[in-house]
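Working notes for the structure below.
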There are 2 protein chains.
Amino acid sequence: MTIDHDGALPVYKQLANLLRGQIERGELRPNRPIPAESRLMQIHEVGRDTVRKAIAILREEGLVIAIQGRGTFVKPKDEAE
Amino acid sequence: MTIDHDGALPVYKQLANLLRGQIERGELRPNRPIPAESRLMQIHEVGRDTVRKAIAILREEGLVIAIQGRGTFVKPKDEAE
DNA sequence: TGGGATTTGTTCGTATGTATC
DNA sequence: TGATACATACGAACAAATCCC
């Protein structure tokens with residue numbers, strides 16, 4: 001799964017969809033951290049702004065929680081709100 | 001030599017150039033530590049992010065080596081690669 | 001043995017500027 | 001005008017390694 005930098009959908013939305021899929025498939029596991037912003041920047045060759053916008057979507061959806069100094073973690077399903 | 005916070009060149013590149021000059025002139029000597037990040041922040045009135053970006057450049061150039069818990073040291077010339 | 005101080009390493013939080021579309 | 005995207009810059013918090021008493 002890759003990012004289409006010239007696609008119709010904005011890159012940050014593509015990245016949010018990609019990460020959501022990894023969470024739903026269990027590739028990113030509950031209570032475990034997702035790759036750091038810096039890693040996601042490297043992996044997907046996007047800027048930090050784009051990474052943070054993508055993660056912001058997942059936060060609004062209640063899928064992840066970001067903790068300063070620690071990382072961003074996948075919420076367990078039963079904690080969804 | 002000072003940092004121009006409103007210059008055309010990014011602050012972290014200016015700082016890298018400044019430190020490189022001090023190394024080349026021997027003001028920062030081989031096998032000796034350069035000032036700690038916290039000191040460089042005070043001296044040049046910049047944030048840690050900027051200091052670390054500047055040092056990252058010097059590391060990539062093989063001019064210094066950073067050791068966690070110890071400091072950042074000027075490499076001897078004959079160890080240059 | 002332990003604890004505190006120092007230093008680099010890592011991570012998220014926030015803001016600004018620039019460029020493009 | 002606004003949304004998208006990247007780069008720069010500073011803050012804050014935590015972690016890990018080292019050093020010293």
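Source: prediction; values computed, not measured. We name chains A, B, ... by the order of the sequence lines, and we start the count at 1 in each one.
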Checklist line | For A/Arg52, side chain to side chain donor-acceptor pair (under 3.5 Å) partners two or more places apart | finding: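 Per chain and number, A/Arg52 pairs via side chain to side chain donor-acceptor pair (under 3.5 Å) with A/Glu37.
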Item checked: Gap between atom CG of B/Leu15 and atom NZ of B/Lys13 - 0.5 Å precision ->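 So the NZ of B/Lys13 and the CG of B/Leu15 are separated by 13.5 Å.
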Next item on the list: State whether A/Tyr12 places a side-chain N or O below 4.0 Å from either non-bridging phosphate oxygen (OP1 or OP2) of D/dA5.
Entry: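 The answer is no; no side-chain N or O of A/Tyr12 sits under 4.0 Å from OP1 or OP2.
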Integer-rounded Å distance: [N] [atom2] and [X] [atom1]:
{"X": "B/Ile57", "N": "D/dT8", "atom1": "CD1", "atom2": "C1'", "value": "12 Å"}
{"X": "A/Arg48", "N": "D/dG11", "atom1": "CZ", "atom2": "P", "value": "15 Å"}
{"X": "A/Leu15", "N": "D/dC6", "atom1": "CG", "atom2": "C1'", "value": "15 Å"}
{"X": "A/Asp4", "N": "D/dT4", "atom1": "CG", "atom2": "C1'", "value": "15 Å"}
{"X": "B/Glu37", "N": "D/dC10", "atom1": "CD", "atom2": "P", "value": "14 Å"}
{"X": "B/Glu45", "N": "D/dC10", "atom1": "CD", "atom2": "P", "value": "10 Å"}
{"X": "A/Gln68", "N": "D/dA15", "atom1": "CD", "atom2": "P", "value": "13 Å"}

Need one value for [X]: base, sugar-phosphate or nothing, where a base atom within 4.0 Å counts as base even if backbone is also close, heavy atoms only.
{"X": "B/Gly69", "value": "base"}
{"X": "B/Arg39", "value": "nothing"}
{"X": "A/Ile67", "value": "sugar-phosphate"}

Next item on the list: Count the heavy atoms belonging to other residues, nucleotides or ligands that lie under 6.0 Å from CD of A/Gln42, then report whether that count exceeds 12.
Entry: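 Yes, the 6.0 Å shell around CD holds more than 12 heavy atoms from other groups.
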Note to self: Reading DNA chain D from 5' onward, which residue's closest nucleotide shows up sooner: B/Met41 or B/Lys53?
What the structure shows: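 The residue mapped nearer the 5' terminus is B/Lys53.
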Item checked: Nearest-nucleotide 5' precedence on DNA chain D, B/Asp49 against A/Arg70 ->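 By nearest-heavy-atom nucleotide position, the 5'-most residue is B/Asp49.
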Next item on the list: Decide yes or no for B/Ile34 and B/Ile55: does some side-chain heavy atom of the first lie under 4.5 Å from some side-chain heavy atom of the second?
Entry: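 They are in contact (side-chain heavy atoms under 4.5 Å apart), so the answer is yes.
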Item checked: Single-linkage hydrophobic cluster B/Leu28~B/Met41, side-chain heavy atoms < 4.5 angstrom ->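 Yes, B/Leu28 and B/Met41 fall within the same hydrophobic cluster.
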Notebook entry, point to check: Should B/Val11 and B/Leu18 be regarded as members of a common hydrophobic cluster, given that ILVMFWY residues are connected when their side-chain heavy atoms come within less than 4.5 Å of each other, either directly or indirectly?
Noted result: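 Linked, B/Val11 and B/Leu18 end up in one cluster.
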Next item on the list: Using atom types as modelled and distance alone, determine if a side-chain donor or acceptor of B/His5 lies under 3.5 Å from a backbone N or O of B/Glu45.
Entry: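 Such a contact is found between B/His5 side chain and B/Glu45 backbone.
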Next item on the list: Tell me, please, the opening and closing nucleotides of DNA chain C, 5' to 3', among those with an atom under 4.0 angstrom from a non-hydrogen atom of chain A.
Entry: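 Contact span on the strand: C/dT11 to C/dT14.
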